[in-house]
2 protein chains.
Amino acid sequence: MEKQKVTIYDVAHQAQVSMATVSRVVNGNSNVKPLTRKKVLKVIKDLNYHPNAVARGLASKRTTTVGVITPNVADTYFSELALGIDDIAAMYKYNIILANSDDNSKKEIHVLNTLLTKQVDGIIFMGNEITDALRKKFREAKTPIVLAGSIDSKKTEPSVNIDYRQATKDEVSHLIERGNKHIAFVTGSLDQAINSKHRLLGYQDALKKYQLPYDPKLVFSTDRSYHSGYKLSQRLIKLNVSAAMVSNDELAAGVMNGLTDSGIRIPDQFEIATSDDTKLTKMTRPTMTSITQPLYDIGAVAMRLLTKIMNKDKITNQDVLLPYGLIKRNSTK
Amino acid sequence: MEKQKVTIYDVAHQAQVSMATVSRVVNGNSNVKPLTRKKVLKVIKDLNYHPNAVARGLASKRTTTVGVITPNVADTYFSELALGIDDIAAMYKYNIILANSDDNSKKEIHVLNTLLTKQVDGIIFMGNEITDALRKKFREAKTPIVLAGSIDSKKTEPSVNIDYRQATKDEVSHLIERGNKHIAFVTGSLDQAINSKHRLLGYQDALKKYQLPYDPKLVFSTDRSYHSGYKLSQRLIKLNVSAAMVSNDELAAGVMNGLTDSGIRIPDQFEIATSDDTKLTKMTRPTMTSITQPLYDIGAVAMRLLTKIMNKDKITNQDVLLPYGLIKRNSTK
DNA sequence: GTGAAAGCGCTAACAG
DNA sequence: CTGTTAGCGCTTTCAC
C-alpha cells in the first residue's frame with residue numbers, strides 16, 4: 001500500500017478547522033488565533049505535511065521561482081555571478097531554474113520561452129548580447145527581467161554592471177604609462193555591444209588620451225575561451241606589440257600561457273592585463289593584473305533588484321553601475 | 001487593458017473542439033484526426049498559446065523538472081559535471097532547479113525539502129558526503145535520485161563515478177615509480193567517504209604494492225579550496241617529502257603555486273599529481289599531471305540514468321563506474 | 001476520434 | 001478570527 005501524499009485537506013480535517021485556516025497558518029497570515037495556530041502546527045508536524053508548491057503556484061499565480069539564463073555554467077565569470085544570484089535568491093526564498101543558452105541566440109529564445117511556460121516570477125539574464133528578437137520577447141513577457149553583468153545596448157531592461165568603458169580605459173592607461181606604445185586589444189565577439197560599444201571604446205579612449213594612434217590591426221576578436229587565447233598568442237608574437245589588454249580572464253590565461261610556452265617572458269617581454277578578476281587571475285603564474293569587478297555583488301545586486309521589481313517596489317535606478325578597481329599583479333611590470 | 005493570458009479553453013473555443021482535444025494535440029497524442037489537429041495547431045499559433053506548465057504539473061503530477069543539488073556552482077569540478085547534466089536534461093526536455101548546498105549537511109536537507117515541495121520528478125545529488133539524515137530523506141521521498149561524482153558509502157542510491165581507489169592507486173604508483181619514496185597525500189575532509197574509504201585506501205594500496213611504509217603524518221586533510229592548498233604548501237616544505245598526491249584540482253593548484261612561490265621548482269624539486277582533470281590542470285604552469293575523469297560524462301550519464309528511473313525503465317546497473325585514465329603533464333618528471 | 005466532467009492541491013475573496 | 005466557495009489551467013478517465 002503506497003503511502004498517500006498528505007494534503008491541506010487532511011490537515012484541516014484532522015485539526016478540525018477549514019482549509020483556509022491551514023493555509024493561513026502555513027503562509028504566516030496573522031489572522032489566526034494563537035491557539036488555533038498551535039493546534040494546526042501540531043497536526044502539520046504529526047502528519048508531516050509539506051505544501052505542494054505546484055498547486056500553490058497555480059492558485060496564487062506566484063511560483064517563487066526565478067529563471068536564470070547563463071551562456072555557460074562552467075565559465076568562471078558567469079559561475080561567480082551565479083553564486084551571488086543564488087545566495088540572494090535563497091535569502092528571499094526563491095528557487096532558481098538554471099538554463100544554459102550556450103551563448104546562442106536561438107537557444108536563448110527557446111529557454112526564455114520554457115522559463116515563461118514554467119511561470120517563473122522573474123528572470124535574471126546573463127549573456128553577451130541581446131538580440132532584437134530577444135528584447136521583443138522580454139517586452140512581451142510581462143515577467144520582470146534583470147540583466148546581470150550583461151549589456152543591453154538599448155537600455156530597455158534593468159541591469160547591473162560596472163562601467164566597462166571607463167574601466168578598460170583605466171587599465172589600458174596603466175599599460176601605456178608603463179611605457180607600452182603598441183598594445184593589442186583582445187576581446188570576444190565585436191558583434192557584442194559590451195565589447196564594441198564599451199571595452200573597445202575604452203581602449204580607444206586611453207590611446208587618445210596619450211595621443212597614441214589607433215591601429216585596427218591590433219584588435220583581435222574571438223570567442224571567450226582559454227583555447228582561443230592560446231592559439232591567438234601565436235599571432236601576437238608576430239606583431240610589434242609589447243602588451244595586451246584582454247577582456248576575459250580565461251581568454252587572457254590562454255594568451256599568457258601561449259606566450260609563456262613560446263618562450264616569451266611575462267611581464268618582462270610582454271605585459272598582459274585582464275578584465276574580470278575571477279579566481280583564475282590568482283591561479284595562473286604569473287598572476288594576472290586585472291580590472292577588479294565585484295562579480296559576486298553584481299549577481300547579488302541583480303537578484304536583489306529583481307526581488308524589488310517582482311515585489312512592485314519603486315525602483316530608483318534601473319541601470320546600476322557598481323564600483324570597479326584595478327589590481328596590479330605579476331603579469332605587468 | 002492588460003492582455004489576458006490565453007488558455008487551453010480559449011483555443012478549444014476558437015477551434016470549436018473540446019479542451020481534451022486541444023490537450024491531445026499539445027501532448028502529441030495520436031488519437032486525433034489529422035484535419036482536427038491541423039485546425040487546432042493553427043489556432044494555437046494564431047492565439048500564440050503557450051501551455052501553463054504549472055497547471056499541467058498539478059494535473060499530471062509530472063513537472064518535467066529535476067532538482068540538482070551541488071555544493072558550489074563556482075567549483076570547477078562540480079560545474080563541469082553540471083554541464084553534462086544540463087545537456088542531457090535539455091535533451092530529454094527537463095528543466096533544472098539548481099540548489100546550492102554549500103557542502104553543508106543542514107542545507108542539503110533543507111534544499112532537498114524545498115525541491116520535493118516543488119514536486120521535481122527526480123534529483124541529481126552532488127556532494128562530498130551523504131549523511132544518514134540525508135539518506136533517510138532520500139528513502140522517504142519516493143522521488144528518484146542519482147548521485148553524480150559522489151559516493152554513498154552505503155550504496156543505497158544509484159550513482160555514477162569512477163573507481164577513485166584504483167585511480168588513486170595508479171597515480172600514486174606512477175609517483176613511486178619515478179623514485180619518490182615520501183609522498184604526501186593531500187585531500188578534502190576525511191569525514192567524507194570518498195576520501196577516507198576510496199582515495200586514502202588507494203594511496204595506501206600503492207604504498208603497499210611497493211612496500212613503502214605508510215606514515216599518517218604525510219596525510220593532510222583540509223577543505224577543497226585553492227587557498228587551503230596554498231597555505232598547506234608551507235607545511236609540506238618542512239617535511240621530508242618529494243611529491244604530493246592531491247585529491248582536487250583547485251587544491252592542487254594552491255599547493256603547487258604555494259610551493260612555486262616559495263622557490264621550490266616543480267617538478268624538479270617536487271612533483272605533484274592531481275585528480276580531476278578539470279580545465280584548470282591545463283591553465284596552471286606547470287600544467288598538472290592528473291587522473292583523467294570524464295567529468296562531463298559523469299554528469300551526462302547520471303542524468304541519463306535518472307531519466308530512465310523516472311521513466312520506470314529497468315536499470316541493469318545501479319552503480320555505474322566510468323573509465324578513467326592518467327595523463328602526465330608537467331608537474332611530474 | 002472526440003467530448004464531458006471530475007479533479008490535481010491550493011489560495012483568495014467574501015461572508016459572517 | 002474562521003469557514004465557504006470558487007476557481008487557477010490543465011490532464012485524464014470514461015462514455016459515446
Asks: Check if the side chain of Arg37(B) and the base of dG1(C) share a donor-acceptor pair of N or O atoms closer than 3.5 Å.
Replies: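 A donor-acceptor contact between them is absent.
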
Asks: Select one nucleotide: of dT2(C), dG7(D), dT11(D), the one nearest the side-chain heavy atoms of Ala59(A).
Replies: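 Per side-chain heavy atoms of Ala59(A), the pick is dG7(D).
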
Asks: At under 4.0 Å, does any side-chain N or O of Asn27(B) touch on OP1 or OP2 of dT11(D)?
Replies: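 Yes.
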
Asks: Kindly point out which of dT2(C), dC10(D), dG3(D) is positioned nearest to the side chain of Asn52(B)?
Replies: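 Of the options given, the side chain of Asn52(B) lies nearest dC10(D).
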
Asks: Any side-chain N or O of Ser60(B) below 4.0 angstrom from OP1/OP2 of dT11(D)?
Replies: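 No, no such contact exists.
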
Asks: Using a cut-off of 4.0 Å on non-hydrogen atoms, how would the nucleic acid contact of Val17(B) be classed: base, sugar-phosphate, or nothing?
Replies: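 The residue Val17(B) makes sugar-phosphate contact but no base contact.
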
Asks: Verify the contact: side-chain N or O of Lys61(B) to OP1 or OP2 of dG9(C), cut-off strictly under 4.0 Å; return yes or no.
Replies: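 Indeed, a polar side-chain atom of Lys61(B) lies that close.
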
Asks: Just the rounded figure in Å: distance from P of dC8(C) to NZ of Lys118(B).
Replies: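 It is 22 Å, rounded to the nearest whole Å.
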
Asks: Given dT2(C), dT11(C), dT4(D), identify the nucleotide with an atom nearest to the side chain of Asn31(B).
Replies: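 Between dT2(C), dT11(C), dT4(D), the one nearest the side chain of Asn31(B) would be dT2(C).
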
Asks: Examine dT11(C): is either OP1 or OP2 under 4.0 Å from a nitrogen or oxygen in the side chain of Tyr9(A)? Give yes or no.
Replies: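 No, outside the criterion.
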
Asks: For the NE2 atom on His13(A), are there more than 12 heavy atoms of other groups (residues, nucleotides or ligands in this structure) within a distance under 6.0 Å?
Replies: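 Result for NE2/His13(A): open.
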
Asks: Side chain of Leu58(B), heavy atoms from C-beta onward: which of dG9(D), dA13(C), dT2(C) has the nearest atom to it?
Replies: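 The answer is dG9(D), which lies nearest to the side chain.
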
Asks: Please state whether the phosphate of dT2(D), meaning OP1 or OP2, lies under 4.0 angstrom from any side-chain nitrogen or oxygen of Thr36(A).
Replies: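 So the side chain of Thr36(A) is within the cut-off, an N or O lying under 4.0 Å from OP1 or OP2 of dT2(D).
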
Asks: At under 4.0 Å, does any side-chain N or O of Thr7(B) touch on OP1 or OP2 of dG9(D)?
Replies: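 For dG9(D), OP1/OP2 do not have a side-chain N/O of Thr7(B) under 4.0 Å.
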
Asks: Would you please confirm or rule out a distance under 4.0 Å between OP1 or OP2 of dT2(D) and any side-chain N or O of Ser18(A)?
Replies: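 It does not, given that no N or O in the side chain of Ser18(A) lies less than 4.0 Å from OP1 or OP2 of dT2(D).
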
Asks: Which nucleotide sits closest to the side chain of Arg24(A): dC1(D), dC10(D), dA13(C)?
Replies: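 Taking heavy atoms from C-beta onward, the closest nucleotide is dA13(C).
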
Asks: Nearest to the side chain of Ser23(A), heavy atoms from C-beta on, is which of dT12(D), dT2(C), dT11(C)?
Replies: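 Looking only at heavy atoms from C-beta outward on Ser23(A), the closest nucleotide is dT11(C).
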
Asks: Decide if atom CD of Gln318(B) counts as having more than 12 heavy atoms of other residues, nucleotides or ligands within a radius under 6.0 Å.
Replies: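 Atom CD in Gln318(B) is packed in, count exceeds 12.
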
Asks: If the cut-off is 4.0 Å, is Arg56(B) near the phosphate of dG9(D), judged by side-chain N/O to OP1 or OP2?
Replies: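 It does not, given that no N or O in the side chain of Arg56(B) lies less than 4.0 Å from OP1 or OP2 of dG9(D).
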
Asks: Specify the separation, in whole Å, of atom CE of Met19(A) and atom C1' of dT5(D).
Replies: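 That distance rounds to 10 Å.
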
